[in-house]
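Both counts, for ligands and for their atoms, begin at 1 and track the order of listing.
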Amino acid sequence: EEQEEDVLRELRLFLRNLTERLMLDRRFKAFVKPVDIEEVPDYLMVIQKPMDLSTLLSNIDEHKYVTIKEFMSDADLIWQNALEYNPDSDPADRHIRHRACALKDTMRVIVRDELDKDFQRVCEEIRESR
Ligand SMILES: O=C(C1CCC1)N1C[C@@H]2C[C@H]3C[C@@H](O)[C@@H](O)[C@]2(C1)O3
């Protein structure tokens with residue numbers, strides 16, 4: 001229905017705004033683009049599902065997400081992958097993990113504070129109806 005497409009358009013606007021705000025945050029610079037496989041040749045041996053903020057933005061424009069849960073599943077890969085690939089006690093890994101944790105918390109707080117619960121439920125109903 002057209003009313004359903006109106007809801008999904010509004011979800012995409014929220015998701016683009018959220019993703020763009022994260023991309024502008026200096027703490028999250030390392031998460032903006034895919035990890036460079038030429039620079040990190042073993043990355044795909046460790047990480048099965050790479051993800052980054054630019055890829056999230058492309059997915060939004062390709063109408064991949066009908067609910068916030070689906071978006072968060074991909075968005076969570078960004079910090080989860082960073083924790084998994086950078087586990088060591090050296091300062092560089094600790095710095096990446098600190099930023100990964102900040103990304104996780106920042107995303108959740110923005111969604112909690114800015115995405116209406118009733119709107120989320122309407123999106124879930126659309127997903128269940130398809
Ligand atoms: O995991 C990541 C990114 C950081 C958050 C995502 N990378 C894997 C490499 C390990 C570490 C060293 C850099 O040379 C750079 O190549 C990477 C990029 O950081």
* Give a yes or no on whether a salt bridge exists between D61 and R12, defined as a side-chain N under 4.0 angstrom from a carboxylate O. => no
* Asked: So, are R108 and D76 salt-bridged, with charged N and O less than 4.0 Å apart?
  -> yes
* Structure fact -> Looking only at non-hydrogen atoms, the one of V35, I96, D36, D88 nearest atom 19 (O) of ligand 1 is I96
* Region of N86 engaging ligand 1 - heavy atom pairs below 4.0 Å -> side chain
* Could an N or O of ligand 1 be found under 3.5 Å from any N or O of E39, whether backbone or side chain? -> yes
Atom indices of ligand 1 within 4.0 angstrom of [X] heavy atoms, with elements:
X   : answer
Y85 : 8 (C), 10 (C)
V40 : 9 (C), 16 (O)
F31 : 5 (C)

* With the 4.5 Å side-chain cut-off for hydrophobic clustering, are F28 and L83 part of the same group? -> yes
* Donor-acceptor pair, D93 side chain versus S89 backbone, under 3.5 Å? -> no
* Structure fact -> Residues passing the salt bridge (Lys or Arg N to Asp or Glu O under 4.0 Å) test with D52, sequence neighbours excluded, are none
* Kindly indicate whether atom 8 (C) of ligand 1 is approached by any protein heavy atom to under 4.0 angstrom. => yes
* C123 and I68: CA distance, side-chain angles, deciding distance, side chain to side chain contact (heavy atoms under 4.5 Å, CB included) verdict -> CA-CA 8 Å; C123 293; I68 187 68; over 6 Å; no
